[in-house]
Amino acid sequence: MRNVSVTDSNTANTIGVLRSAIAEACAESPHLLHVLHALQQQFLHISDEAVREVAAHLDLPLSQVDAVNEFYSFFHKTPRGRYDILFSNCTSCGYMAGGVDLMAMLGRRLDIVAGNTRSDGLVSMDQTSCIGMCDHGAALLVNGMPITRLDDSRIDRIAALVEAEAPLEDWPPEWFQVDDNIRVSGLLLKDDLTVGIGLRKMLELDVADTLSEIIQSGLRGRGGAGFSTGMKWQFCREAQGAAHYVVCNADEGEPGTFKDRVILHSHADSLFEGMTVCAFAVGAKQGYLYLRGEYRYLLPHLQSVLARRRELALLGVDILGQPGFSFDIDIVVGAGAYICGEESALIESLEGKRGIPRVRPPFPVTHGYRGQPTVVNNVETFIAAAHIVLRGSAWFRAEGTEKSAGSKILSISGDCATPGIYEYPFGVTIRQVLDDCGAKNAQAVQVGGPSGTLIDSAEFDRRLGFDDLSTGGSLMVFGQARDLLAVIVNFAHFFAHESCGFCTPCRVGTALLKNGLGKIAGGHGTRYDLDEMQHIATLVKCRSHCGLGQTAANPILDGLQRFPQTFEQRLVHHDFEPHFDLDAALEEARQISRRDDAAAHIE
Amino acid sequence: MSADTTQNPITQNTITIDGQEIPFVAGQTIMDAALAAGVYIPHLCHKPGLTPHGSCKLCVVDIASRSVSSHNSDRRVQAKFQVVADSRSVSACTMPAVAGQQISNNTPALNEVRKTITQMLFIEGNHICPSCEKCGDCTLQAMAYHLGMLDGHFPQFLQRRAVDASHPTVMLDRDRCILCELCVRASREVDGKNVFAIAGRGINAHLIVNSASGKLVDSDLETSDMAAHICPVGAILIKEHGYEVPIGRRTFDLHQVGEIGSEEIILTKVRHADE
Ligand SMILES: Cc1cc2nc3c(=O)[nH]c(=O)nc-3n(C[C@H](O)[C@H](O)[C@H](O)COP(=O)(O)O)c2cc1C
Ligand code: SF4
Ligand code: FES
């Protein structure tokens, strides 16, 4: 009896604490992702109880809260450590970037295995998809804050600080420093806009003129797909709806991409200006910036820019004294899901759901956020729009090529002397880019990230642009010493981890590709397995529901076509090897018995 | 496109599937038009009357492109799954019918793709056809026969999936769930409840129950709900009605999965003669 009453009062107590935490979080922002983030921060996990309380408080179906909790990588059902450490696993900023396994190193220092929380609850450690620090060497997030330029001595010191339970404020501030690293500036980065100057110019034009300037400029989306921005805005304007919305896609999840990070950090005013121009053009009153969870450290800065713009009457009611021109922007922060960069999945996430891409048509321009006409554009697209309104479409068209007007901001990383941000007119050759970033004797370049195109050195005279090599901004250089198969395996893991699981070809196909590549890389593959890879990859590419699946197999298909020897040199020369690896299957038994001698292996 | 239709007004409200001209009315999908015309397009996650879902991808068809200039057209040789050059793949169950579409459906290449997708569904779950109560009534199994699938082809994933036997009359065995979300939609759209949802991501996606305990017994699911009967496989079963119809006289012993109108037969068979 006593036990029961103790449990009861404990439960009542926990629920009370939970409820006040939820109320507090809701006062800040009632968005489901934000409330769950607050609970994850405070209680280091989101328990079933918390899920029930959140559902009740926000009047949402329990299953929705539960499903969201399980979907996003940064929410956990079991407690994480007070120091929650996530190593990037990107080929450019990942824990293997320097050739040594830094995660295993920290694991040894802290006596912890990746994926686990130490039994004293002090620390947990795991890997996560690219955190966008690719110009900063190996990087990790500790309680959401990025630490870059990792090496063995920094790992040692991190371990010591964790063991000493030093608060993050007392860790060396320079560890957390993230630089812009702008190496080449072009049209957009050369000079920043004076705050509000674009909006003032726009108000001299009318809506039709603003739209036609954007259309005339030839601006195409910088997020990857390259749809005409002016046409998108026009379709949205023409679409009927109770409200129109402007959404900025700052999810920047493509490994090797970090140019939006730099724009958000140093050109946030231009970005918000571009969104406001769009609002004017389409007739929107509300905008959202969807910021990837990995960039949460930029949130205070972005909030303060928004606050200043409200003070300057550049946001809010009757902007710049223009009666009836009202617009404001809220920031919604994601929680670790690459698929939320896909525009319809992003909208689902904005609506507080799992990021599952919608069936299209209808497209967001007619049925977007809350079913209303919505423009979704990339960060860079919006700053280009702000510049175009000020300087005119001819100014923009003067650079670039016929089909690809203007400039492209590249995030360059990998095996080169000066990784960083490079802005070029469209039409620039890969060779030029490689020369500028000090990439001597490159073996291959991944253009557009894992979902893009892997090219070999014979193709370095190809040009960047929508009609040849299209890129959302990622350019990863691979030198002669790189093991390309390891790179392709890394990408296959990325896609299998990030597949949303909605459609069969991608959900099962990306897992099959990951496993099949593992077999080949592990030295158990045969010619049969290569043919299998080709077949599955083609099916995943052609039959998947959304862009993730449709591009997930690109690295494998490109690799098989351009670098067949990378695969072939690992093959064993039988016609068939079973998938089941008896020796690997004994690994668990070896760990339990703490044996690794020859007799514990089967050859 | 508009130039075409003015030239040939007869095609204005028809599409062509495998050379056969098929009428449609505005608002119909390719699947709707095909089924209405007695043309079978394989499907698993689709059921007329429920919102189309587009997730299983059994209904993939190829639409011939009108313009050849697609900048992302793939120049690679595609060995096993030939894609007709300059065609695009769409899901028939969600793609609106548009006048003049030239659609390939019942081709060896597409059926090969569908067979592989069916194999994917088999190996990601734990399917025990010979001992499953749904054997012979199962649409996944029937689809496998229809497509000439002889084995799972890929290594089994052997995932651990939870069984929920808490409900007095309905059994949930996630081993066999293919994530088609028919139960999710039937519950919301027909039963006016919200008993099921999908949680998790990628290969960890799984069916959850919308109740405080996450168990079926605490949900408002009833035997009379469509959601309790709509499962195309053996993941949601009605308890105490095992093997009432003997093997050999079950739905797909007497019918083909490709029969038009089989949806009704499948659903009534599952409800059993006495209901
Ligand atoms: C899996 C996937 C991830 C994506 N991630 C991003 C992203 O991080 N940022 C982005 O701007 N667009 C991303 N996109 C493209 C968006 O769907 C969309 O096309 C884009 O935001 C439109 O903006 P734009 O026209 O300005 O490029 C992604 C697409 C897919 C399929
Ligand atoms: S292709 Fe992949 S990410 Fe896209 S809907 Fe299908 S499972 Fe989800
Ligand atoms: S029937 Fe069309 S995708 Fe499932």
Side-chain angles (χ1 to χ4, degrees), chain A residues 48 52 55 61-64 66-73 226 337 339 354-356 359-361 403 466-468 470 495-512 515-516 519 531-532 534-536 538-539 541-545 550 557-558 560-561 578-580, chain B residues 44-45 51-58 60 62 71-72 74 76-83 88-89 91 93-96 112-114 116-121 123-124 153-157 178-179 181 184 194-206 208-214:
Chain A
D48 290 344
R52 283 196 288 274
L62 232 159
S63 55
Q64 181 181 341
D66 207 9
V68 165
N69 191 21
E70 283 195 30
F71 187 84
Y72 295 90
S73 297
I339 189 58
R354 304 155 73 218
I356 304 291
V359 167
R360 286 165 303 166
K403 291 229 173 74
F466 296 105
D467 32 7
D468 187 3
S470 148
F495 286 115
H497 182 253
E498 298 296 344
S499 164
C500 83
F502 172 76
C503 71
T504 317
C506 172
R507 180 181 68 243
V508 185
T510 54
L512 286 172
N515 296 344
K519 182 180 174 190
D531 293 344
E532 280 289 289
Q534 178 85 37
H535 297 153
I536 303 166
T538 309
L539 184 140
K541 180 184 177 77
C542 298
R543 307 299 173 181
S544 289
H545 177 71
Q550 288 158 12
L557 290 168
D558 286 342
L560 285 171
Q561 190 190 30
H579 231 281
F580 184 73
Chain B
L44 274 176
C45 72
T51 307
H53 199 237
S55 63
C56 74
K57 300 299 176 203
L58 258 292
V60 285
D62 287 324
H71 69 270
N72 57 2
D74 189 24
R76 292 183 190 97
V77 201
Q78 280 139 357
K80 189 162 160 191
F81 308 115
Q82 268 173 4
V83 196
R88 74 194 169 108
S89 173
S91 309
C93 68
T94 55
M95 182 53 69
E112 187 67 29
V113 167
R114 293 172 181 142
T116 304
I117 293 175
T118 309
Q119 288 167 325
M120 288 176 162
L121 288 170
I123 60 99
E124 75 164 329
H153 185 79
F154 303 111
Q156 286 281 334
F157 285 1
I178 57 169
L179 304 167
E181 295 191 42
V184 176
N194 184 14
V195 174
F196 296 106
I198 303 287
R201 187 165 99 188
I203 204 66
N204 299 316
H206 57 107
I208 59 168
V209 174
N210 186 23
S211 71
S213 62

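Just so you know, these numbers come straight off a predicted model, no measurement behind them. Chain letters run A, B, ... following the sequence lines, proteins first and then strands; every chain starts at 1.
For His206(B), the part sitting under 4.5 Å from any heavy atom of chain A is the side chain, from C-beta outward, and nothing else. Contact annotation for Ile198(B): both backbone and side-chain heavy atoms come within less than 4.5 Å of a heavy atom of chain A. For a residue to count as touching a neighbouring chain, one of its non-hydrogen atoms must lie under 4.5 Å from one of that chain's; by this rule Glu498(A) touches chain B with backbone and side chain alike. Contact of Ala55(A) with chain B is not made at all, since no heavy-atom distance falls under 4.5 Å. Heavy atoms of Asp531(A) lying under 4.5 Å from chain B are absent altogether. Proximity to chain B (any heavy atom under 4.5 Å) is shown, for Ser73(A), by both the backbone and the side chain. The contact between Ile203(B) and chain A is made by backbone and side chain atoms together, counting heavy-atom distances below 4.5 Å.
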Inset, instruction - Check the pair His153(B) / Glu532(A) against side chain to side chain donor-acceptor pair (under 3.5 Å), numbers first and verdict last. - result: CA-CA 10 Å; His153(B) 185 79; Glu532(A) 280 289 289; 2.9 Å; yes
Inset, instruction - Evaluate the side chain to side chain contact (heavy atoms under 4.5 Å, CB included) criterion for residues Glu181(B) and Phe196(B): first the C-alpha distance (whole Å), next the side-chain angles of each, then the deciding distance (0.1 Å), finally the verdict. - result: CA-CA 8 Å; Glu181(B) 295 191 42; Phe196(B) 296 106; over 6 Å; no
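Remark: His545(A) pairs with Lys57(B) by the side-chain hydrogen bond (donor to acceptor under 3.5 Å, both in side chains) rule, at least two apart or across chains.
The candidate from Pro52(B), Ser55(B), Ala199(B) with the greatest count of non-hydrogen atom pairs under 4.5 Å with chain A is Ser55(B). Chain A forms more heavy-atom pairs under 4.5 Å with one residue of Gly54(B), Ser213(B), Ala205(B), Gly200(B) than with any other, namely Gly200(B). With respect to chain A, the highest number of heavy-atom pairs below 4.5 Å among Thr94(B), Asn204(B), Ile178(B), Val209(B) belongs to Thr94(B).
One distance of note links CZ of Arg88(B) with CG of Asp62(B); it measures 10.5 Å at 0.5 Å rounding. The line from CG of Leu539(A) to OG1 of Thr116(B) is 6.0 Å long, rounded to the nearest 0.5 Å.
There is no side-chain donor-acceptor pair under 3.5 Å between Ser499(A) and Arg507(A).
Under the side-chain hydrogen bond (donor to acceptor under 3.5 Å, both in side chains) test applied with Ser89(B), the options Arg543(A), Gln550(A), Lys541(A) reduce to a single match, Arg543(A).
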